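These numbers come from a predicted model, not from an experiment. Note: hydrogens, waters and symmetry copies are ignored here, and every other heavy atom, side chains too, is used.
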Number of protein chains: 2
Amino acid sequence: MTRKSHSITIRDVARQADVSVATVSRYINRNAPVSPEVAERISKVMAELNYVPHAAARHLATRKTRSIGLLLTTINYDFFTPLLSGLERVVAENNHNLLVATYRADLRKDYPPPVGPHNTDGVVVFADALQEEQLAQWYRMNFPMVLVHRTPPPYLNIPYVTIENKAASRKIVDHLIEVHGRRRIIFTRGLENHEDSHWRELGYKASLEAHGIPYDPRLIIRGEFDREVTYQEMSAFLANNHPDFDAVFASDDDSALGVIRALNDAGIPVPESVSVVGFDDQHFSCILPLPLTTVRAPTEEVGRMAGSQILKILQGEAADPMTLLPTEIVIRQSCGCNESQS
Amino acid sequence: MTRKSHSITIRDVARQADVSVATVSRYINRNAPVSPEVAERISKVMAELNYVPHAAARHLATRKTRSIGLLLTTINYDFFTPLLSGLERVVAENNHNLLVATYRADLRKDYPPPVGPHNTDGVVVFADALQEEQLAQWYRMNFPMVLVHRTPPPYLNIPYVTIENKAASRKIVDHLIEVHGRRRIIFTRGLENHEDSHWRELGYKASLEAHGIPYDPRLIIRGEFDREVTYQEMSAFLANNHPDFDAVFASDDDSALGVIRALNDAGIPVPESVSVVGFDDQHFSCILPLPLTTVRAPTEEVGRMAGSQILKILQGEAADPMTLLPTEIVIRQSCGCNESQS
DNA sequence: TTGTACGCGTTATCAC
DNA sequence: GTGATAACGCGTACAA
């Protein structure tokens, strides 16, 4: 260590305020009484010097980083905006920092995740950003975690927050069937290994079954929660001679846009000939000239809840093992209804 | 310090591998030769112990955090998704972490920004997240910064990356005038203190002037880059007896949606009676049933460039003082054109 | 109420 | 090529 640091430290403050570093520390952390006049002196010197405690040193001494990590698979979807927004707000309100990182467990098995015990006090893990093995390891060492849009494996008691997928999916498909008389309904799958997609498909099947409609695997289309992929797949479906259909349940709103575009390309009138519904109620969904009938997912609240759960754990409280946020279907016009938009 | 830490340290590795901590450190950082067999031993022990170096300790010793901060005013807009995505990618590729934080300089004058020299090696500052005074202070202490969507005050030589606003705005208004014969064009302003909005307005004015159309302040509407605000303002405008108009240049696509909705509510046909154009080419803009004529802003690249600039600085290289990314107008249908959508 | 001194986990500087 | 060991800046027993 040769290079004398030129940054100002607590020692500089102490010297100028003519007290010990301990006193300055106490003043900063307000964890022990400091006489008013000394406090005044310290405060003034700190302001003069623009002193800000060095985080790393603090972390090392405290063994707390005051920051929490968010582990995502990708940042490509607008879906993440409300999630991030909600999480950041809660985290910031509690004077913590937020580290945002992407990680594809399947791609980088040899590298450790970019956020973890070494640089955060806890992490929020989205969907399948982490593999079970990694979850298990952190679980064993009691590292605080909260899962979002994913349930933990049964033997790992990790708190999670997710949304109600199945019932709402079933309801929206019910609507297609009962109100609009649709019976040949396509489902565009989301990403594999993504529970949301899985549950939505189950809701879809449940509805079909309840109405005595046979499940036809030819009506299941790949979509990956991606507008472009869904557009391609839907177009391919339409191009070949395909089974009849009269509705599409897209696994999310973004895919629904891909579906609609493919349908438009093919000259199939929506919603007259084919009803289209989605999931999420994204930012754009209500404003489309053909407003989307969809399921409202409280994504921002998922972010907030994840934040408050992880903070609870950090404060030594027990987190709720499971937070299941309600969803509701919102009927607009892409299904064929003609209600006023909301 | 009472609580003996149970985390495994470099010392544990050293002991088990039967070498000194210095050697382990050398192995980890590959900054000095280590005999192959020793390397092998260390490597094995590290894997067994799941050892990950403690970031804070490293930071303290190195005086480098290996993380960069992103300072935003808010995360409410989908606009940030590509920005964040681009930035995160570059940052991660260079083995750095990304701290995302919001800060409203105007609201919390007494609190220091959540990211800064104390916990990052450098920050990317969006628009007016920071006040000049703070910029100046960090500049004086040589703290690495890159501004995005903002130019630094003239006396602060801070690198910035932003997009070409004025020329594109002028071009899109030219289009309205020259191709569609519009002459009474509304501009919905973005946020105050936001340079993008400012430059877009200048482009708007330049176009008017070039065509000999008088500037009418009554045609300037508040919008704040927000769909809802713009909707309200536009509706209010329409409700009172207002001057004639035949087109709207919205300061961003999100506002354009608010405009269109207000117009729809009022029964004014778009684009027949009124052309509407936006700015940004957001994710949803091309898929609208009335695809939006707008300006394509390379927001993801702004993120990437900001990342590479700040990393350059961290590596001791000089950053480009200014990075001005080109924009291009994309003609779709909301202006009245009937081109195929892209 | 205040000060002294040690430890947090790592890097880097010496010697060897 | 390797091993001791002093920093890095801060928090906190413990003593006063």
Side chain of B:A61 - closest among C:dT2, D:dG9, D:dC8:
D:dC8
Between B:S7 and A:R63, does any side-chain donor sit less than 3.5 Å from a side-chain acceptor?
yes
Here the residues of residues 42-49 of chain A within 4.0 Å heavy-atom distance, strictly under, of DNA chain D are none
Suppose we screen for side chain to side chain donor-acceptor pair (under 3.5 Å). Which residues come up paired with A:E195, at least two apart in sequence or across chains?
A:T151
Of the candidate nucleotides D:dC10, C:dT10, C:dG3, which contains the atom at the shortest distance from the side chain of A:T23?
C:dG3
In whole angstrom, give the distance that lies between atom CD1 of A:I28 and atom C1' of D:dG9.
11 Å
With sequence neighbours left out, write down each residue that passes side chain to side chain donor-acceptor pair (under 3.5 Å) with B:E40, or none if nothing qualifies.
none
Spatial distance of atom CG (B:L84) from atom CZ (B:R89) [nearest 0.5 Å]:
13.0 Å
Just compare C:dT1, C:dG3, D:dG9 and give me whichever is closest to any side-chain atom of A:R26.
C:dG3
Considering only C:dT2, D:dC10, C:dG9, which nucleotide approaches the side chain of A:H54 most closely?
D:dC10
Below 4.0 Å: OP1/OP2 of D:dG11 and any side-chain N or O of A:N31:
no
Please compare B:A22 and B:A57 by the position of their nearest nucleotide in DNA chain D and report the one closer to 5'.
B:A22
Base C:dG9 to side chain A:R63, donor-acceptor N/O within 3.5 Å cut-off:
no
